[in-house]
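Take a look at the structure set out below.
Numbered from 1 within each chain, the chains take letters A, B, ... in sequence-line order.
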Amino acid sequence: MADSKTETKTLGESLRQQGVSRRGFLKFCTTTASMMALPPAMVPAIAEALEKARRPSVIWLSFQECTGCTESLTRAHAPTIENLIFDHISLDYHHTLQAAAGEGAEAAREAAMHENFGKYIVVVDGSIPLKDPGFSTIAGISNLDMLKETVAGAAAVIAVGSCAAFGGLPHASPNPTGAVSVSEIIKDKPVVNVSGCPPIPTVISGVLAHFLTFGGLPELDDLGRPKVFYGQSIHDRCYRRPFYDKGLFAETFDDEGARKGWCLYRMGCKGPMTYNACATTKWNQGTSWPVESGHGCLGCSEPDFWDGGGFYNAISIPDGDIARNIGLGAVAGVAVGAAAGMLNRNAKADAVAKHEAVTVDDLEKTS
Amino acid sequence: MSSPIDFLLWVKGPAFDIALAVFVIGIVVRLLEIVLLGRKQDLAEPKGEEFGPGLRTIVTRTLPEAGSFKQSPFTVIGGYIWHIGFLICLLFFVPHIELLHSVLGIKWPGLSNHIVDAVAVVTMATLVAMLIDRITHSVKRFLSGPEDYLVWLAAFLPIMTGYLAYHRVLVPYPLVLGIHILSIEFLMVLFPFTKLMHTFTFPLARWYNGAMAGRRGVQS
């Protein structure tokens, strides 16, 4: 999807050609450094590395997904430097975005793999069905085969979105397609999970910037996600947190508490168990994010969030019908207790019946 | 149980149902056993009321008594602090109110988390101090059996794991929340079979003591 001229350009040249000033570029580098929790001293190093970075070849594989991740990453309202970075990467295969189809498209993928063997990045969105390879195929190739074949020569794999990272919606119970995440299949290559449904575009560009700057992947948490973006919970960074601590909660979506912007915990907000950068990075160029717009967090960047109880149930509440179970338990308890009581009374009556009165004479006789 | 969220769902789902069944059935059975056993008929002519003194004794025996306070003030004060602290954490922490609301259909205002947090720390410190006292005090150690230590653990774990969950000391959060709920299930399962039953039997015992004294016309 790129002409051969730009192939040799550095990122700096490419950005300048597109009208990005040096000041704008450095601002982006500073933002990236602060996002990745790097000291300000690293900004020149980032700028220098990005300036000189060559276009990395990126192969984007879409499996069992809804294209929401691609939408999130490409439908920004205004062009940003993040977009330009995306423009700068050589996106050699992305069957939603590319003009070519069928054998031509597959030929582009194979050519990119061949030319950049060992150096290209594979981005995956969507989960991989293991139950039947026929559930999801591209050009007659099963998702599993395509993933294994493409990743064989990759430098790294970025699993974009909760489907690729953890199985996502296709993996939700009862998981009819036997969907699994990328990391359940790929064990011999570095895999970065950029979870979210969809993930924040800035996080993707941050991971790419890190790769371009340092030639490696950022530090990951135990779920394989970059710690800089997924290191803190929504709850800990939420601007509504003071209301939680004060015990001020919205009870419905249109009560006084909701209008005053109180905490949404009681309406099922999954902020306390969700690790993502929404509360700080926000969405749509920092316009807003779900909690700011008045809806609790769904926990979309966590594994199995579809199966984590109802979206509108507070997370502290057990799933069963507790009131009914207590009622059933009490009925059963009364039945068992009554039976035990009868047995005890019988034993008592029996003991009374068997009781023999002993007189002083009796005692004297036996002694 | 492949992930922390699976663990949390198991703890909140089947495990909670089992613990709740043991808790409710066990308590109802034990209370019924006590009540149905009855008392030997008292043929003596009553010299006073049963009802009033019975109720009064439930209250008076709940208040500190001068004699025992003088003898072991630490046990009395520590006992009050941790019982009240435990109840504050249980009944006035907002996520707990939310749970009780889903069961009972009623809710009440919660306390600020900072207050509950401080109360939890005081409660844990008191429980630890009382355990040390129990171990170091020769008479208390002599009187303590394995059940006493088990019950101490069952009371301590929910507060400790709740504190860890609130402060997110262990990650991921679903794991620590799951452990917290599991510790309460442990408490619930032990409840009917241990001294923890006093939570439900103390009014009966105190009422009976007062009623018996009232019937005989003596001060309860």
* **Between A:D321, A:T274, A:I322, the one whose heavy-atom pairs under 4.5 Å with chain B are most numerous** => A:I322

* Per-residue contact mode, B:L20 against chain A (heavy atom under 4.5 angstrom) -> side chain

* To do: Test B:L36 against A:N344 for side-chain contact (heavy atoms from CB on, under 4.5 Å), laying out the working first.
  => CA-CA 8 Å; B:L36 288 180; A:N344 291 341; over 6 Å; no

* Structural part of B:L37 lying under 4.5 Å from a heavy atom of chain A -> both

* To do: Answer yes or no: are there more than 12 heavy-atom neighbours, outside A:Y239 itself, under 6.0 Å from its atom OH?
  => yes

* Per-residue contact mode, A:N313 against chain B (heavy atom under 4.5 angstrom) -> neither

* Asked: Between B:H114 and A:D245, is any pair of side-chain heavy atoms under 4.5 Å apart?
  -> yes

* Tell me, do B:Y173 and A:S233 make a side-chain contact under 4.5 Å, heavy atoms counted? -> no

* A:V336: which of B:V28, B:V29, B:L32 passes side-chain contact (heavy atoms from CB on, under 4.5 Å) -> B:V29

* Asked: Any side-chain heavy atom of A:R266 sitting closer than 4.5 Å to one from B:H101?
  -> no

* Among A:G337, A:A347, A:P303, A:A330, single out the residue with the greatest number of heavy-atom pairs under 4.5 Å to chain B. => A:G337

* **Mutual orientation of the aromatic rings belonging to A:Y244 and B:Y166 [parallel < 30°, tilted 30-60°, perpendicular > 60°]** => parallel

* Structure fact -> Turns out that what part of A:E251 lies under 4.5 Å from chain B's heavy atoms comes down to side chain

* Asked: So which of B:K107, B:H180, B:R30 has the biggest tally of heavy-atom pairs under 4.5 Å with chain A?
  -> B:K107

* Toward chain A, the part of B:F93 with a non-hydrogen atom under 4.5 Å -> side chain

